[in-house]
Amino acid sequence: MKKMFYILFLALPLMFAGCDNGKSDNVYDYTDDYGNDSENSQESEVSDNDSDRQGHSDNDVPRPGAGTGGGNGNHGGSDGDGNSNLPDDEDGNQDFDDEDIEDPDGNENDEEPDGNNDDGAVYASLPDVESCISGNPSDKEKQKVLDRLNELRAIHGLPAVVYSTEGDKITAECSLIIAANNIEGGTLQLSHEPPKSWDCWSQEAYDGCHSSNIHVSWAKNQDISTTDSAAIVDGFMIDKNVDSIGHRRWFLDPWLGHISFGRADYTDGNGIFVIGAAVKVVHDDKPNVSDLKIDFVAYPFENYPKELYPGSNIRMSFSVLKDKSNKFSNASGINLGGVAIAIIDSTNNKTISVSSLKTDTDGIGIPNNVSWLASGIEYNRKYNVTVRNIIIDNVSKDYQYWFELK
């Protein structure tokens, strides 16, 4: 019997996987702070992303896709652009996330975790992946996920979300099926629509994966069971190598009112470690955000945690809030075809190179988005950003903001 871990999480590297239209996409490389670069130490992370986007209305939201990944973990110290003060985001670790999905349950029971589990344990009830028994993270672990997400949302001027235990069962079953079907490692797999042929399949697992950002970590000869669940939140926010940046967009959705979190750890006792996790982000209910004081959501934004921008292959992003009373009105009447991005280093007035500009009006979080790559960004320097020529109801508009990675 493969034993599960019942211990504190201490922010170790993961393997994270994501899905995008059924294609494999690396999403987030979590830098190995312990410098594990041995041939005998392998780690990967995968998360699935958004996919299968169609026309959207208040009752029609997209669902996620699936992704795979695997890699050897090592540690370095540059961002691939010669900036030695940025962490290595080319370390060979692979991550993937999933994102867009319909909410199958429509349940709503918003609350804070009750805090009864104050012993620091990861689980209130342990999962047994080999026997297809899901567990339940402790209230303290759920609170970590909730607190980290709300900390990041606050930076963007977004309202806090609350925790809903109504989604706990389906996120637990989704996490279980993810872990159960990635025990072998190799090519990792995730799906928002796991087939009935998968081990530990259930309708609840399907529903959970269909309405959540999902994640898998896999490692050989490296104990990742101490991974802090808050690090999974960071992975979704970074969305490394995910063009749609759907996980981030779901987490920064002004209309996200509540979440649920599931996790399943597994080890075979012979050096193989797996973590499956899910954060439910798609719901039928949408809170009233008409009094929001912001007109856009940008990443990175103002004083921003540097760990959330680990290198130049992380896409920056911008979404405009045209209509705060109706989420999906933010896809209509918006033309992003002529958008241009300008980034200026305020220290020396140097223009930062911008590349790989992408736009969409898909129903992921705020259903419009501009994203791009920027070269030569450094920590502790203020950058001024101008997003030019967003056409809103046939009128061109420019937006300006700043960010500094600290």
Side-chain angles (χ1 to χ4, degrees), residues 1-17 43 45-46 111-148 163-185 188 190 194 198-209 212-233 259-280:
M1 178 66 65
K2 302 163 185 174
K3 62 182 179 180
M4 303 306 301
F5 285 86
Y6 189 75
I7 55 179
L8 288 171
F9 288 134
L10 300 175
L12 286 179
L14 312 172
M15 167 171 178
F16 204 54
E43 59 169 339
E45 296 180 287
V46 185
E111 57 190 47
E112 296 290 329
D114 60 23
N116 291 332
N117 304 98
D118 56 3
D119 59 357
V122 172
Y123 290 101
S125 61
L126 286 168
D128 184 344
V129 176
E130 198 172 60
S131 300
C132 290
I133 298 173
S134 62
N136 186 31
S138 66
D139 288 335
K140 188 169 186 177
E141 204 65 18
K142 296 172 186 177
Q143 191 72 50
K144 288 181 182 180
V145 171
L146 181 68
D147 288 349
R148 181 56 171 171
Y163 197 91
S164 173
T165 58
E166 291 292 338
D168 278 0
K169 182 59 176 176
I170 63 173
T171 54
E173 292 295 324
C174 172
S175 302
L176 170 67
I177 199 173
I178 293 169
N181 289 276
N182 285 283
I183 288 174
E184 301 301 325
L188 300 187
L190 282 174
W198 278 23
D199 293 341
C200 302
W201 190 93
S202 67
Q203 186 62 50
E204 289 172 320
Y206 181 96
D207 292 345
C209 291
S212 303
N213 283 357
I214 57 178
H215 161 103
V216 61
S217 301
W218 186 92
K220 182 177 181 180
N221 297 328
Q222 182 174 344
D223 184 354
I224 59 173
S225 63
T226 54
T227 298
D228 193 322
S229 295
I232 296 172
V233 174
I259 63 167
S260 303
F261 172 66
R263 174 168 171 162
D265 286 60
Y266 166 90
T267 179
D268 66 355
N270 295 304
I272 300 299
F273 296 85
V274 179
I275 299 173
V279 179
K280 182 169 167 53

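By convention here, the first residue in the shown sequence is residue 1. Worth knowing before you read on, the calculation uses all heavy atoms, side chains too, and leaves out hydrogens, waters and symmetry mates.
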Any chance the side chains of Q143 and D139 put a donor and an acceptor closer than 3.5 Å?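 The criterion, which ignores hydrogens and geometry beyond distance, is not satisfied for D139 and Q143.
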
Residue pair [X] / [Y]: nearest heavy atoms and the distance that separates them:
{"X": "C209", "Y": "P194", "answer": "CB-CD, 4.0 Å"}
{"X": "S260", "Y": "T171", "answer": "O-CG2, 3.9 Å"}
{"X": "T227", "Y": "A231", "answer": "CG2-CB, 4.5 Å"}
{"X": "G208", "Y": "C174", "answer": "C-CB, 3.8 Å"}
{"X": "I178", "Y": "G276", "answer": "CG2-CA, 3.9 Å"}
{"X": "D199", "Y": "I177", "answer": "O-CG1, 3.2 Å"}

Distance in Å, [X] [atom1] paired with [Y] [atom2], rounded so as to fall on 0.5 Å steps:
{"X": "L126", "Y": "I133", "atom1": "CG", "atom2": "CD1", "result": "10.5 Å"}
{"X": "I183", "Y": "F273", "atom1": "CD1", "atom2": "CZ", "result": "13.0 Å"}
{"X": "S217", "Y": "I232", "atom1": "OG", "atom2": "CD1", "result": "6.0 Å"}
{"X": "D147", "Y": "K140", "atom1": "CG", "atom2": "NZ", "result": "11.5 Å"}
{"X": "L146", "Y": "S229", "atom1": "CG", "atom2": "OG", "result": "12.5 Å"}
{"X": "S138", "Y": "R263", "atom1": "OG", "atom2": "CZ", "result": "10.0 Å"}

Salt bridge (Lys or Arg N to Asp or Glu O under 4.0 Å) contacts in which one or both residues fall within residues 169-181, not counting sequence neighbours: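 Listed by first then second residue: K169-E173.
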
Any donor and acceptor pair, going by atom type alone, linking the side chain of S134 with main-chain N or O of A172 inside 3.5 Å?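 No, S134 side chain to A172 backbone: no donor-acceptor pair under 3.5 Å.
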
Does D168 pair with K142 as a salt bridge, N-O distance under 4.0 Å?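 Salt bridge between D168 and K142, a charged N being under 4.0 Å from a carboxylate O: yes.
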
For I272 and W218, run side chain to side chain contact (heavy atoms under 4.5 Å, CB included): C-alpha distance rounded to whole Å, both residues' side-chain angles, the deciding distance at 0.1 Å, then the answer. CA-CA 8 Å; I272 300 299; W218 186 92; 3.7 Å; yes

Would L176 and V129 satisfy side chain to side chain contact (heavy atoms under 4.5 Å, CB included), going step by step from the backbone distance to the final call? CA-CA 6 Å; L176 170 67; V129 176; 4.1 Å; yes

Test side chain to side chain contact (heavy atoms under 4.5 Å, CB included) applied to D228 and E141, step by step: CA-CA 8 Å; D228 193 322; E141 204 65 18; 4.2 Å; yes

Side chain to side chain contact (heavy atoms under 4.5 Å, CB included), that's the test. Do Y163 and I259 meet it? Break it down for me. CA-CA 5 Å; Y163 197 91; I259 63 167; 4.3 Å; yes

